[in-house]
**Student:** 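First the structure, then my questions, so here it is.
So you know, we letter chains A, B, ... as the sequences are listed, proteins then strands, and number each from 1.
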Protein chains: 2
Amino acid sequence: MERRRGAELEAGLLDAAWDELMESGYSALTMEAVAARAKTGKQVLYRRWKNRAELVLAAMRHRTGSITDDVPDTGSLRSDVLAVLQRMADRFESIGPDVIHGLLAEAPDLDPEVFTRMSPVMATIVRRAAARGEIPTADLPARVLTAPANLLRHEMLLTRGPLSEETLTSLVDDVFLPLVT
Amino acid sequence: MERRRGAELEAGLLDAAWDELMESGYSALTMEAVAARAKTGKQVLYRRWKNRAELVLAAMRHRTGSITDDVPDTGSLRSDVLAVLQRMADRFESIGPDVIHGLLAEAPDLDPEVFTRMSPVMATIVRRAAARGEIPTADLPARVLTAPANLLRHEMLLTRGPLSEETLTSLVDDVFLPLVT
DNA sequence: GACATAAGAGACGCAACGTCTCTTAGAAGC
DNA sequence: GCTTCTAAGAGACGTTGCGTCTCTTATGTC
């Protein structure tokens, strides 16, 4: 019988975890099921991640890359912000609210890092807009800079179901743009 | 041996649940422990609430009344909004983030209602401010009306630990007031 | 070819779930 | 005041999944 090792095995484990996540959701995901799906034993999982939350987080990271990788640059502030929000929404939709809630509930300290990435992205977008002369200054309160992403995240976490196109535009047109011009 | 019944018993059960919640947090709260603390059997709990989430939600409602009961009316828009946010924060602090996350994770549909109460409160505050001539119009996008409460909620749910005084004033001075004047 | 390491498999004890059964207290009806 | 019915109090029960542990054996290293 052939045995996988190292990176190949690890990728198999994370894929199995992800598939299980998609099929059963977070709360119904069991270490046993992940091990079985990966055709291995529980110990192989516990040797790498100390609990469900860490395994799931690793599986998520393995699937979806970092959102900060490239900052949208469409030539207009409005569509840059919309693009970045849309990217957040897509990402979130592929993961689902249950997973996030599960993680937040089970991993008390694990994730602050996951939710603070947006600030530099917005800073870049705003700096470019100021350079283009679209807005008077790029020197905005942090609170304003993070407001759109935070409101979107709030929306996604507290209302199940997909969010409407209108939500994104309203966030930008009713809240963000009035604050920066 | 004396047996409690009806409302008296129910209050005892909810108090026991609340105490257990304060002592152990949500995830460590067990039906067994609540029953033991209330000096009764599990069946008495299951006869009333069909799971942990419902029991905890009932215990919360039993403790803290509705936030919509009276709308602050201090004579100034700024301090009205600050007052209402402060009230949210106090309430939240007495409950703690773990409980909310636990509920959100375990009760898929239970609570949307809990999180939409703030809108009418803000509407009233803004209407009064417009009547006083503080702001040009009370006819604001829903998104603006709910922004302060939503941002505060986002903050409380995603950053553990107590929030600073500064957070509240920044929410009002950097975001809300600029949007309504 | 010998050896160390970790994979694969599953047994184990534990905790809590939610259901069930049983006895008996206390409220309601006659 | 006696009967009757409902639900309280208590705990046994089977089930599930956790996280630990032990054991054999495949595979890479020296």
**Student:** Could you give the CG-to-C1' distance, from L55(A) to dC18(D), as a whole number of Å?
**Tutor:** 14 Å
**Student:** Given atom CD of E8(B) and atom P of dG26(C), what is their separation to the nearest angstrom?
**Tutor:** 11 Å
**Student:** Does the pair R4(B)/E8(B) count as a salt bridge with the N-to-O cut at 4.0 Å?
**Tutor:** no
**Student:** Holding to salt bridge (charged side-chain N to carboxylate O under 4.0 Å, His left out), I want the full list of residues that pass it with D15(B), two or more places apart in sequence or in another chain.
**Tutor:** R63(B)
**Student:** Any salt bridge (charged side-chain N to carboxylate O under 4.0 Å, His left out) involving residues 163-181 of chain B? Give me the pairs, sequence neighbours left out, ordered by first then second residue.
**Tutor:** R78(B)-D173(B)
**Student:** Side chain of R52(B) only, please: which of dA27(C), dC18(D), dC17(C) is the nearest?
**Tutor:** dC17(C)
**Student:** Grab the CG-C1' distance between L45(B) and dG11(D) for me, whole Å please.
**Tutor:** 14 Å
**Student:** Could you pull out the protein-nucleic contacts involving nucleotides 19-22 of chain C (nitrogen or oxygen on both sides, under 3.5 Å)?
**Tutor:**
from	atom 1	to	atom 2	distance (Å)
dC20(C)	N4	Q43(B)	OE1	2.4

**Student:** Looking across every strand, which nucleic acid part, if any, lies under 4.0 Å from R4(B) by heavy atom: base, sugar-phosphate, or nothing?
**Tutor:** sugar-phosphate
**Student:** Going by heavy atoms closer than 4.0 Å, what residues in residues 9-18 of chain B are next to DNA chain D?
**Tutor:** L9(B)
**Student:** Report the distance from atom CG of L29(A) to atom P of dG19(D), rounded to the nearest whole Å.
**Tutor:** 12 Å
**Student:** Show every donor-acceptor pair shorter than 3.5 Å between a side-chain atom in residues 26-34 of chain A and any protein atom, with sequence neighbours excluded, or say none if there are none.
**Tutor:**
from	atom 1	to	atom 2	distance (Å)
Y26(A)	OH	E106(A)	OE1	2.9
T30(A)	OG1	A33(A)	N	2.9
E32(A)	OE2	K42(A)	NZ	2.9

**Student:** The criterion is salt bridge (charged side-chain N to carboxylate O under 4.0 Å, His left out); which residues satisfy it with E23(A), sequence neighbours excluded?
**Tutor:** R37(A)
**Student:** Quick one: side chain to side chain donor-acceptor pair (under 3.5 Å) partners of S79(B), sequence neighbours excluded?
**Tutor:** T74(B), S76(B)
**Student:** How many Å lie between CE on M31(B) and C1' on dA15(C), as a whole number?
**Tutor:** 16 Å
**Student:** For dA8(D) and T40(B) - does any side-chain N or O of the residue sit under 4.0 Å from the phosphate oxygens OP1/OP2?
**Tutor:** no
**Student:** Between R5(A) and A33(A), which residue's closest nucleotide on DNA chain D lies nearer the 5′ terminus?
**Tutor:** A33(A)
**Student:** If you find the nucleotide of DNA chain C closest to V44(A) and the one closest to E32(B), which residue's nucleotide is nearer the 5' end?
**Tutor:** V44(A)
**Student:** Side-chain donor-acceptor contacts of residues 83-90 of chain A below 3.5 Å, not counting sequence neighbours, with atom names and distances?
**Tutor:**
from	atom 1	to	atom 2	distance (Å)
Q86(A)	NE2	D90(A)	OD1	3.0
R87(A)	NH1	D70(A)	O	2.6
R87(A)	NH1	D70(A)	OD1	3.2

**Student:** Side-chain donor-acceptor pairs under 3.5 Å in residues 120-131 of chain A, sequence neighbours left out?
**Tutor:**
from	atom 1	to	atom 2	distance (Å)
T124(A)	OG1	P120(A)	O	3.0
R128(A)	NH1	P72(A)	O	3.2

**Student:** Of the options D98(B), L104(B), L158(B), I100(B), which is the one that meets L104(A) in a side-chain contact (heavy atoms from CB on, under 4.5 Å)?
**Tutor:** L158(B)
**Student:** Quick check for you: among dG19(D), dA16(C), dA6(C), whose closest atom lies nearest to any side-chain atom of R3(A)?
**Tutor:** dA6(C)
